[in-house]
Amino acid sequence: MEEAALNCLRNTFGYSDFRSQQGEIIQTLINGKDAVVLMPTGGGKSLCYQIPCLVRNGTGIIISPLIALMHDQVAALKQLGVKAAFLNSTLDAYTIQQTEHDMVSGKLDMLYVAPERLTTSRFLNLLKKAKISLFAIDEAHCVSQWGHDFRPDYIQLSLLHEQFPDVPRIALTATADERTRTEIKQRLALQTAREFISSFDRPNICYRVTETQNNARSALLRFIHNEHENDSGIVYCLSRKKVESTASWLTEKGFTALPYHAGLPAQLREKHQHRFLNEDAVIIVATIAFGMGIDKPDVRFVAHLNLPKSIEAYYQETGRGGRDGQPADAWMAYGLQDVVTLKQMMAASQADEQHKRIERHKLETMLGFTEITSCRRQALLDYFGEVLSRPCGNCDNCLTPAETWDATLVAQKALSCVHRTGQRFGVNYLIDVLTGKDNDRVKQFGHDNLGVFSVGKEFDAGQWRSIFRQLISRNLLTVDLEGHGSLRLTEQCRPVLRGETTLLLRKESKSANSLRKGRRPNRNDQVSNKQLWQALRDCRKTLAEENGVPPYIIFHDATLVEMVERQPSNRQQFLQLSGVGKSKLEKYADAFLNVINDHIDTEKHDLADTISESLLLFRSGLDIDAVASKRKLKISTIYSHLASCIERGEIKLNEVIDLNPDEITAIHEALLSHDDGSKKLKPVYDMLDGMYDYDIIRCVQAAVLPH
Ligand code: ADP
Ligand code: ZN
């Protein structure tokens, strides 16, 4: 049995090993038992039911509420040679009938259906005529009324257990909390199912938070420009207006950026989503609604131009990056205005007291997250009840440790200023008073006579905004309920005012946007051979267009990266690549192998060209130094060119180097005593006590050793 699952993983999907708990989950289903699976986005949930569907007899029924996702998965499965289909409202009557017929006559390995169709009595009767291998309930948190994605149709799915007690079931979700999990088990009658809970860590995502003063957009531009020039990404904004303006601004700057929000016509939204999925390097600028039901694996960055409302929202949105396991960035810019706006929204909320309290708590936690100076991943996982024992090394705070400073005295000045001016003014006015601006307004209120007037001249307005932001985030100050933006003192500020505690604030570094060295290279830096990489991407794009599927359905980036690194030259080597199974080998190996071979040929040609040019110049009478400076190459490069010529007999050793026969013999002997086929020069160099340069040894080697 176990063997069957592993064979399927290797032959059909082209992966060599199971990830974390996949193997166990799959085995549970193959053995006919139920499972509840909690795995983060990108963790590899699909394989958990797809492989049992293929190993067990009959058709596997996968219940999914997301039409776009069904479509994508079925397209991907077909590429793998799997007999998969879906049923949803987008199909015409004939196709539906045909698909139902295929299911009943046992022609399908997998069938994806929407929950509302599954629970009709007509469909249930069809199911009874068919042989069913398992039921997979994807997005199982939709059964929970507690969560945000509740779908009434999901409640009825308990009938699967009643009507098909012998068919194993698996419920899957990426939603973490305990309460939802309990509801899933209860409502779907899965109390006795085995539970598999994976870590929620997404190690390939680098979390970064940048504080900005009204210039979040330029920070975003720098970030994309420097690190994600040719990548797909999502930029989240809070309002439709900001979505529109950001998208057109990025377009002006030369990027392909498309807006997406609920106010756009459905057709346009669909078009933009389609382009995002099918083209390279498209940036979607969206309100938070975008992303649900899209599993584009190669989203390389998720940027927030506003503060998300909660850690849950932040984690879900950033989780849409890097599903393929390759490096991705979760980047956020926020400033004082965000903090004020969100606090006001919260205050104005119509929700009942209990809900308001929850919302407030969530926002406060989010603010706390942005301001921390310790590892962000540890904080995130801690929020979800997981312990990461060491700092992650892949977040901004780990990579560029934040500095703090003792701000007790400064905070006292700010807090007294709020107090002395009567808790009636907003940040800008307070800063005017602190920095001693005797403008009309300040004079009118007579605040130029206060003791706090002009006591904060050591900071400029920008620095004060950062200080106020942190004071609000830490709840030492609060924003008024009426929405005028005036600040008030809170209970928590008393110990600071009295000097009973020390307040450490974060020092804003000017370069918060860029990370110091030590950062993981992003994928584009990682790929060693840009030309080949681009050629492979082009090949993938052509094949995708021919097949009418998104490029990542042909091959993931990870597979292309491996092609660049390993440069397979035949089908057998091609099959070793991760993500290449039998079906894709048949379909695509030749096309990609051709690209790789062409590339190797061109490289050889280029090399041959550059070598003969060096030889020509050398022959024309220039010495090696002169050839190097004329060609703007290193001297050792010219030596290596000439060594190749020596090796091929195009020039004699003594024409290149000036050594007497004894010296040549000495080097020759040293070479022979280290001739292990590796052609390594260092041991030879050492043996000769560094008397001869590597360049010289290389030329002698070319002349005397068999090639
Ligand atoms: P989820 O549904 O949990 O978000 P997916 O099922 O879409 O995640 O899987 C995420 C990515 O990981 C996919 O690209 C998938 O092909 C890949 N993947 C899953 N399992 C493995 C594995 N065992 N080895 C290599 N890649 C895998
Ligand atoms: Zn970290």
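We count ligands from 1, going down the list as the structure has it; atoms in each ligand are counted the same way.
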Reported CZ-to-NE2 distance for the pair Phe150 and His141, which is rounded to 0.5 angstrom: 12.0 Å
Can you name the one residue among Asn397, Thr373, Thr404 that meets side-chain hydrogen bond (donor to acceptor under 3.5 Å, both in side chains) with Arg506? Asn397
Around atom CD of Glu270, are there more than 12 heavy atoms from other residues, nucleotides or ligands closer than 6.0 Å? no
Can you give me a line-by-line list of nitrogen or oxygen pairs between ligand 1 and the protein shorter than 3.5 Å?
unit_1   : atom_1 : unit_2 : atom_2 : d
ligand 1 : 3 (O)  : Gly43  : N      : 3.4
ligand 1 : 3 (O)  : Gly44  : N      : 3.1
ligand 1 : 3 (O)  : Lys45  : N      : 2.9
ligand 1 : 3 (O)  : Lys45  : NZ     : 2.9
ligand 1 : 4 (O)  : Gly42  : N      : 2.5
ligand 1 : 4 (O)  : Arg323 : NH2    : 2.6
ligand 1 : 6 (O)  : Lys45  : N      : 3.3
ligand 1 : 6 (O)  : Ser46  : N      : 3.0
ligand 1 : 6 (O)  : Ser46  : OG     : 2.5
ligand 1 : 8 (O)  : Gly44  : N      : 3.2
ligand 1 : 12 (O) : Arg19  : NH1    : 3.1
ligand 1 : 12 (O) : Arg19  : NH2    : 3.2
ligand 1 : 14 (O) : His556 : ND1    : 3.1
ligand 1 : 16 (O) : Tyr15  : OH     : 2.6
ligand 1 : 20 (N) : Gln22  : NE2    : 2.9
ligand 1 : 23 (N) : Asp17  : O      : 2.9
ligand 1 : 23 (N) : Gln22  : OE1    : 3.0
ligand 1 : 26 (N) : Arg19  : NH2    : 3.3

Contacts of Tyr49 meeting side chain to side chain donor-acceptor pair (under 3.5 Å) (sequence neighbours excluded), chain-then-number -> none
Around atom NZ of Lys582, are there more than 12 heavy atoms of other residues, nucleotides or ligands at under 6.0 Å? no
ang(SG Cys398, the Zn ion (ligand 2), SG Cys392) rounded to 10° is 120°
Under 6.0 Å between the ring centres of Tyr236 and His304? yes
